Amino acid sequence: MIIRGPIVPWELGAEKGRPVAAYYGYLRGCDNILSRLHTKHPELCDKVGGLLAMHIDDLRALAPLWLSKTEEVREDRAHWGTNITGDIYGKGWISEMYGYSFGAAEVGLRHKINDDLMLYPGYIPRVGVEPILLHYGLPFKVGNWSFRKIRHHEDGIVYDCNRIFPPPPFPREVEMMEADLNKRRGLFLSIECINTLNEGLLLHHASMGCPKPQWSKYLSFLKSKRFSELTKPKYLNRKKPSSQISEHRIISIESRNVYPKIHTLFSTECSSYFDWQTVGLVHSFHLSGQPGNITRLLSCTDEVLKQYKGHNLAPTHYVPSMSQHPLTGDWYPAINKPASVLHWLNHVETDAEFIVILDADMIMRGPITPWEYGAQRGRPVSTPYEYLIGCDNELAKIHTRNPSACEKVGGVIIMHIDDLRKFALLWLHKTEEVRSDKAHYATNFTGDIYGSGWISEMYGYSFGAAELNLRHIIRRDILIYPGYVPEPGVKYKVFHYGLRFGVGNWSFDKADWGNVDMVNTCWAKFPEPPDRSSLSTSDENILERDILSIECGKALNTALYLHHQSRKCPIPSEGNSNFSVVEDELKHVTNPAANVISIHASSRMGMSPWIRMVALWAFSVLGFLVVISMVLSNRKGENLKAKGSRSKNV
């Protein structure tokens with residue numbers, strides 16, 4: 001293969017359980033007896049290969065089966081025939097390809113198949129398609145010149161100084177050779193393939209210490225600006241690259257940053273209350289486009305864990321519960337958040353550079369990345385928690401040496417892994433410290449409306465960060481509580497439904513659902529929020545607030561619906577489904593992620609009474625014109641009939 005540009009999993013749409021691959025249509029064995037013999041799930045057999053972009057967890061599950069299924073198909077000589085395998089040689093040569101497809105079917109992987117990423121030289125590309133891979137596995141030719149890799153099976157061309165493959169025609173010759181623009185583009189891809197191979201050979205020979213090759217018109221072309229333009233990297237996002245001159249050739253590079261790896265964490269406990277929150281957050285995570293993976297930090301006692309049913313709701317790291325403190329006996333479940341982060345850091349190896357920390361009672365609406373919000377080592381990003389008044393009074397002076405560095409933040413955290421490693425233990429210790437300071441639980445010290453030390457963990461975070469002098473970039477455009485009026489034009493990335501919110505007679509409070517098993521009760525859902533069409537448009541701020549509240553409520557119900565569907569809950573009889581509204585919406589949404597992100601932006605469309613009046617007027621005019629045209633056409637028809645009868649009489 002020749003790589004023509006970066007192969008980036010999130011740009012291709014790869015995700016856990018859904019690898020991306022190129023289409024191999026000739027694998028007809030997926031449709032016949034071959035798949036029925038070699039996989040228990042022939043209906044999951046995908047005709048794919050070539051390019052594979054896969055999550056590491058999926059690859060770990062697949063790899064042993066890929067090997068064993070390859071061996072299995074290779075041994076099945078009775079079914080090597082071309083009519084069964086599609087192998088033109090009928091020699092079992094593509095057994096490995098079937099090994100992949102059958103192995104993937106066994107572990108339940110469903111591929112996102114993209115037929116535009118890879119092209120065989122010699123094939124004509126589809127109009128507007130720019131492949132990022134050239135796979136020269138088949139013979140191809142341009143005019144009288146041809147290339148076939150099998151001819152060079154025993155060739156020592158790599159080791160013979162300055163020897164290259166026979167040069168293909170020059171671009172000027174190709175232009176004269178073919179008038180059809182798309183066929184010509186296919187020929188250009190063919191010569192690009194071999195020219196790139198030859199350039200690679202020359203660079204390799206130079207690195208071996210070979211003498212400088214003699215000048216030739218072809219070598220001059222490989223160093224030319226024209227060749228550089230023809231072979232500049234191709235990008236899926238079509239961004240124009242910048243250029244930089246090197247000693248050997250002009251190299252085109254993309255003017256973009258190399259983004260660091262991210263991992264997202266959230267902490268929960270073994271309870272039905274947190275399970276439905278987990279379903280909502282994880283569903284929204286997959287829709288949001290958030291880079292990297294997500295891990296649930298699940299705090300449970302051994303006794304509860306034995307009875308727990310929600311193991312498969314999210315990728316999970318299990319943590320011993322500290323809800324009841326092992327030393328003091330204090331019952332404070334919120335301490336599990338810093339405790340579980342610390343446990344994860346001490347027990348899991350990660351190559352992520354930045355960690356995003358969320359709460360379970362959140363819905364993601366878009367990606368939360370360090371490069372968008374400016375997070376750096378020593379400069380974490382967070383959202384404002386103005387009610388943490390203890391940063392400004394005696395509480396901070398008691399619990400941190402740097403009260404001036406105490407910042408009123410929380411909710412969403414983006415922190416460099418090195419900072420988090422230094423900080424996590426302090427976060428836990430300061431939480432214990434504030435929790436034990438009962439003399440300062442009062443609302444006038446803490447801002448806690450209950451005055452019960454319930455937000456000690458939040459102060460533990462702020463005081464721990466102050467100890468290390470971590471100064472936050474505080475962003476108000478990341479998180480919003482449903483029920484709050486949004487700032488105009490801000491596209492918030494997270495709903496935090498920690499407080500009661502409502503629209504008209506409908507309301508939602510997560511505390512009301514603490515003892516309801518929404519996840520294991522088939523088709524359980526929350527009361528459906530009102531339809532947007534019922535909202536008043538008299539106050540723009542209230543309208544925007546209510547639209548976001550409705551979106552949050554619908555997102556939770558959609559997540560539950562898809563969860564129940566994945567559990568193979570018995571399908572309710574027609575008309576008896578609790579989810580009729582959700583089902584109707586899903587039928588009309590081809591891209592749920594786009595719907596979640598754009599719902600706020602589209603809220604201004606079609607809501608104004610003035611627009612409705614104009615639409616009604618336009619419809620009336622149109623109806624009038626239709627009636628007039630029908631009357632005129634009838635009269636015209638009668639005139640024609642009259643003329644016809646007169647001509648017959650004559």
Side-chain angles (χ1 to χ4, degrees), residues 1-5 7 22-26 49-51 86-89 91 93-94 96-97 115-126 129-208 210 213-224 226-234 248-249 251:
M1 291 184 174
I2 295 294
I3 303 175
R4 306 180 73 228
I7 302 169
Y23 183 57
Y24 271 9
Y26 57 83
L51 162 69
D87 180 359
I88 57 173
Y89 303 107
K91 298 289 182 64
W93 198 246
I94 59 175
E96 173 273 320
M97 299 179 190
D115 203 19
D116 295 336
L117 300 173
M118 186 185 82
L119 185 79
Y120 286 92
Y123 283 30
I124 300 172
R126 278 194 280 272
V129 171
E130 195 66 79
I132 57 173
L133 278 176
L134 298 176
H135 190 183
Y136 53 94
L138 302 174
F140 61 99
K141 66 177 184 175
V142 179
N144 294 325
W145 174 93
S146 66
F147 180 82
R148 187 172 183 169
K149 71 171 188 177
I150 196 67
R151 292 176 184 163
H152 302 277
H153 194 259
E154 301 296 333
D155 199 331
I157 194 168
V158 169
Y159 313 106
D160 297 344
C161 276
N162 299 322
R163 189 160 76 85
I164 58 176
F165 297 114
F170 288 102
R172 288 194 311 275
E173 297 171 319
V174 172
E175 288 169 353
M176 297 171 62
M177 194 181 297
E178 180 56 64
D180 184 283
L181 292 180
N182 209 44
K183 290 181 180 178
R184 184 191 298 174
R185 194 161 69 96
L187 296 178
F188 270 116
L189 290 171
S190 293
I191 65 172
E192 177 187 329
C193 177
I194 199 67
N195 286 335
T196 305
L197 275 169
N198 278 339
E199 184 192 32
L201 285 169
L202 290 170
L203 291 172
H204 171 69
H205 292 153
S207 71
M208 289 170 54
C210 290
Q214 291 184 346
W215 181 91
S216 71
K217 185 179 177 182
Y218 180 64
L219 294 185
S220 179
F221 166 70
L222 292 183
K223 295 179 181 180
S224 70
R226 178 75 191 278
F227 177 61
S228 175
E229 283 297 313
L230 290 171
T231 58
K232 63 185 178 183
K234 308 301 185 292
H248 299 290
R249 55 172 285 194
I251 303 174

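Please read these numbers as outputs of a predicted model, since none were measured by experiment.
- In terms of modelled atom types and a separation under 3.5 Å, the side chain of Ser190 and the main chain of Gly122 share a donor-acceptor contact.
- Around CZ of Arg148, the count of heavy atoms belonging to other residues, nucleotides or ligands within 6.0 Å does not exceed 12.
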Point to revise | Test log, rule side-chain contact (heavy atoms from CB on, under 4.5 Å), inputs Phe165 and Arg151 | key: CA-CA 11 Å; Phe165 297 114; Arg151 292 176 184 163; over 6 Å; no

Review point. Could you walk me through whether Ile7 and Leu133 pass the side-chain contact (heavy atoms from CB on, under 4.5 Å) check?
Key: CA-CA 9 Å; Ile7 302 169; Leu133 278 176; 4.1 Å; yes

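- Arg184 contributes no side-chain N or O that, together with a main-chain N or O of Met177, makes up a donor-acceptor pair within less than 3.5 Å.
- The backbone N or O of Pro171 lies less than 3.5 Å from no partner atom in the side chain of Arg226, so there is not a single donor-acceptor pair.
- Pairing each heavy atom of Trp215 with each of Ser220, the nearest pair is NE1-CB, 3.7 Å.
- Enclosure of atom CD1 in Ile3 is not indicated, since only 12 or fewer non-hydrogen atoms of other residues, nucleotides or ligands lie within 6.0 angstrom.
- Annotation for Met176: atom CE does not count as buried by contact number, only 12 or fewer foreign heavy atoms lying within 6.0 Å.
- Side-chain atoms of Tyr218 and Pro168, non-hydrogen and from C-beta on, do get closer than 4.5 Å to each other.
- When all heavy atoms of Pro121 and Phe140 are compared, the pair lying nearest together is O-CB, 3.2 Å.
- A heavy-atom distance below 4.5 Å is not found between the side chains of Tyr123 and His135.
- With Glu178 as the fixed residue, the side chain to side chain contact (heavy atoms under 4.5 Å, CB included) test singles out one of Asp180, Asn182, Val174: Asp180.
- Scanning all heavy atoms of the two residues, the minimum distance from Pro125 to Gly186 falls at CD-CA, 3.6 Å.
- Between Lys217 and Glu173, none of the side-chain N atoms (NZ, or NE/NH1/NH2) sits under 4.0 Å from a carboxylate O, so this pair counts as no salt bridge.
- We find the SG-CZ distance between Cys210 and Arg163 to be 12.0 Å, quoted to the nearest 0.5 Å.
- In terms of modelled atom types and a separation under 3.5 Å, the side chain of Trp145 and the main chain of Pro166 share a donor-acceptor contact.
- Ile194 CD1 to Ser146 OG: the interatomic distance, rounded to the nearest 0.5 Å, is 10.0 Å.
- Remark: side-chain polar atoms of Asp116 are not paired, donor with acceptor, to backbone N or O of Val129 under 3.5 angstrom.
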Practice item. Give the intermediate values and the outcome of side-chain contact (heavy atoms from CB on, under 4.5 Å) for residues Tyr26 and Ile94. Key: CA-CA 10 Å; Tyr26 57 83; Ile94 59 175; 4.2 Å; yes

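- Taking every heavy atom of both residues into account, Lys149 and Tyr136 meet most closely at CD-O, 3.7 Å.
- Between Leu119 and Leu189 there is a side-chain heavy-atom pair separated by less than 4.5 Å.
- For His205 (side chain) and Leu201 (main-chain N/O), a donor-acceptor pair under 3.5 Å exists by modelled atom type.
- Distance alone, capped at 3.5 Å, places no donor-acceptor pair between the Arg4 side chain and the Leu134 backbone.
- Summarising the geometry, atom CG belonging to Asn195 is positioned 8.5 Å from atom OG1 belonging to Thr231; distances are rounded to the nearest 0.5 Å.
- With hydrogens and angles ignored, the 3.5 Å screen pairs a side-chain donor or acceptor of Lys234 with a backbone N or O of Lys232.
- Here CD1 of Ile2 is found 13.5 Å from CD1 of Ile132. Values are rounded to the nearest 0.5 Å.
- Going from atom CG of Leu202 over to atom OG of Ser207 covers 11.0 Å, rounded to the nearest 0.5 Å.
- Distance check, rounded to the nearest 0.5 Å: CD1 of Ile164 to OG of Ser216 gives 6.5 Å.
- Side-chain contact between Arg126 and Asp115 is present, with at least one heavy-atom pair separated by less than 4.5 Å.
- His152 and Phe147 have parallel rings, their planes meeting at less than 30° on a 0 to 90° scale where 60° marks the start of perpendicular.
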